[in-house]
Amino acid sequence: MYKIGVTGGIGSGKSTVCRLFAAHGIAVYDSDTQAKRLMNESAALREGLVRALGAGCYAGGELDRRYLASRVFADKDALATLNALVHPAVRDDFRAWAGRQAGEYVILESAILFEAGFADEVDTTLAVLAPVEERVKRCMERDGSTREEVLRRMANQADDDTLHRLADRTIVNVRRDYLESDVQRLHEIYSHEAKR
């Protein structure tokens, strides 16, 4: 199975790009959603998180994301511990999922494709880029976040220059009509590459 890794910073529109690929019948694995599912469903992962980061991770029986965020975003060691537990579980889950899919290719969507080592799981990578002010505006409208909150989250992610350098291809998300034609063109390219 040919695998495409799609990444981009918060508010870049990577989920929109993935929805456009899905409209072409392409299966998309959303690593963030699947990581949350695994943290709730995997007994081994739950046990590891409680042991490493405290019982507050599952205070109400379900994953307490606020507690987890409060532990890891102010503490780089705690974040590294979280990643060391979650990333291998997501990687294994993606491999199993990809093996069950039909079609020409699949997509792994991940905001931290390169940081998590997920780029090693795919054949090629695509970064979704957008101007910083546009990204901030989108996040504020979508999440009700403050400008400062969005900028703080952006500061913890790779910037567009880094993504442009690391990714095999890039797509700029400024206008929806351009984005749709860009995804159409990329879908044709990926379909061709998958047949090689």
Side-chain angles (χ1 to χ4, degrees), residues 1-42 45 83-131 134-135 138-139 142 153-154 156-196:
M1 177 62 72
Y2 196 60
K3 303 178 187 78
I4 318 296
V6 176
T7 192
I10 183 173
S12 64
K14 69 185 168 305
S15 294
T16 299
V17 167
C18 287
R19 280 193 295 275
L20 291 171
F21 278 110
H24 288 285
I26 302 305
V28 177
Y29 182 95
D30 178 344
S31 64
D32 188 45
T33 299
Q34 298 306 321
K36 290 170 192 155
R37 176 184 61 79
L38 290 166
M39 285 190 279
N40 273 311
E41 293 179 3
S42 166
L45 195 49
N83 291 341
L85 290 165
V86 175
H87 293 170
V90 171
R91 186 176 301 113
D92 291 346
D93 191 62
F94 170 70
R95 287 176 183 166
W97 173 88
R100 295 189 303 269
Q101 302 309 305
E104 298 170 310
Y105 63 92
V106 296
I107 288 177
L108 167 60
E109 177 186 350
S110 175
I112 54 172
L113 188 76
F114 296 105
E115 300 91 326
F118 295 155
D120 297 336
E121 297 297 316
V122 298
D123 299 294
T124 189
T125 56
L126 173 66
V128 182
L129 313 177
E134 181 65 26
R135 293 170 57 196
R138 288 173 187 164
C139 291
R142 180 187 69 199
R153 288 164 69 188
M154 288 172 71
N156 287 320
Q157 298 180 336
D159 61 29
D160 279 4
D161 289 340
T162 301
L163 292 177
H164 191 275
R165 191 174 79 268
L166 293 174
D168 297 313
R169 290 185 177 95
T170 58
I171 189 172
V172 178
N173 177 16
V174 180
R175 285 185 42 186
R176 178 67 182 232
D177 53 341
Y178 291 169
L179 192 65
E180 288 173 357
S181 62
D182 286 346
V183 168
Q184 174 65 43
R185 180 180 49 83
L186 285 166
H187 172 62
E188 291 166 9
I189 290 168
Y190 292 145
S191 295
H192 177 72
E193 290 176 353
K195 292 180 177 110
R196 282 197 235 154

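- Side chains of E180 and Q184: no donor on one and acceptor on the other come within 3.5 Å.
- Residues Q34 and W97 form no side-chain contact, since every pair of their non-hydrogen atoms from C-beta on lies 4.5 Å or further apart.
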Note to self: N83 vs E115, test: side-chain contact (heavy atoms from CB on, under 4.5 Å). Steps then yes/no.
What the structure shows: CA-CA 10 Å; N83 291 341; E115 300 91 326; over 6 Å; no
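- With N173 contributing its side chain and S12 its backbone, the two residues share a donor-acceptor pair below 3.5 Å.
- Once rounded to the nearest 0.5 Å, the distance linking CZ of R196 with CG of D123 reads 11.0 Å.
- With contacts defined as side-chain heavy-atom distances shorter than 4.5 Å, the pair D93/R37 qualifies.
- To the nearest 0.5 Å, atoms CD1 (I26) and CG (L186) are separated by 12.0 Å.
- Under the 4.5 Å side-chain criterion, counting only non-hydrogen atoms from C-beta, T124 is not in contact with Y105.
- Residues Y29 and V90 have side chains in contact (heavy-atom distance under 4.5 Å, counting atoms from C-beta outward).
- The shortest heavy-atom contact between Q101 and A27 is OE1-CB, 3.5 Å.
- Note: L179 CG to R19 CZ = 10.5 Å, rounded to the nearest 0.5 Å.
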Note to self: Before you tell me yes or no, could you show the steps for R165 and D161 under salt bridge (charged side-chain N to carboxylate O under 4.0 Å, His left out), namely the whole-Å CA-CA distance, both residues' side-chain angles and the distance that decides it to 0.1 Å?
What the structure shows: CA-CA 6 Å; R165 191 174 79 268; D161 289 340; over 6 Å; no
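- In terms of heavy-atom proximity, E109 sits nearest to S15 at OE2-OG, 2.7 Å.
- One finds a salt bridge joining R135 and D160 here, because a Lys/Arg side-chain nitrogen approaches an Asp/Glu carboxylate oxygen to under 4.0 Å.
- Nearest heavy-atom pair across G13 and V128 is C-CG1, 4.0 Å.
- Checked for salt-bridge contact, E121 and R91 meet the test: a charged N lies under 4.0 Å from a carboxylate O.
- Side chains of M39 and V86 form a contact here, defined as non-hydrogen atoms less than 4.5 Å apart.
- The two atoms that bring A22 and V28 nearest to each other are CB-CG2, 4.3 Å, heavy atoms only.
- Judged by distance alone, the side chain of Q157 and the main-chain N or O of I10 form a donor-acceptor pair under 3.5 Å.
- Proximity of a side-chain donor or acceptor of S110 to a complementary backbone N or O of T7 within less than 3.5 Å is not detected.
- The distance from atom CG of D182 to atom CD1 of I171, rounded to the nearest 0.5 Å, is 4.5 Å.
- Here the side chain of T125 pairs a donor or acceptor atom with the backbone of D168 at under 3.5 angstrom.
- Using bins of under 30°, 30° to 60° and over 60° for the plane-to-plane angle, the ring pair Y190/Y2 lands in the tilted bin.
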Next item on the list: Could you please spell out the steps behind the side-chain contact (heavy atoms from CB on, under 4.5 Å) verdict for E134 and V174?
Entry: CA-CA 8 Å; E134 181 65 26; V174 180; 5.9 Å; no
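- Minimum heavy-atom separation, I107 to C18: CG2-SG, 3.9 Å.
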Checklist line | Verdict with reasoning, K36 to D30, per side-chain contact (heavy atoms from CB on, under 4.5 Å) | finding: CA-CA 10 Å; K36 290 170 192 155; D30 178 344; over 6 Å; no
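- L113 contributes atom CG, which lies 6.0 Å from atom CG of L108 (distance to the nearest 0.5 angstrom).
- Atom CD of E193 and atom CD of E104 lie 11.5 Å apart (nearest 0.5 Å).
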Checklist line | side-chain contact (heavy atoms from CB on, under 4.5 Å) between V172 and Y178, intermediate numbers included | finding: CA-CA 9 Å; V172 178; Y178 291 169; over 6 Å; no
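- The shortest heavy-atom contact between R138 and A130 is NH1-CB, 3.6 Å.
- Between H24 and H187, the ring planes lie parallel to each other; the angle is under 30°, not in the 30° to 60° tilted range.
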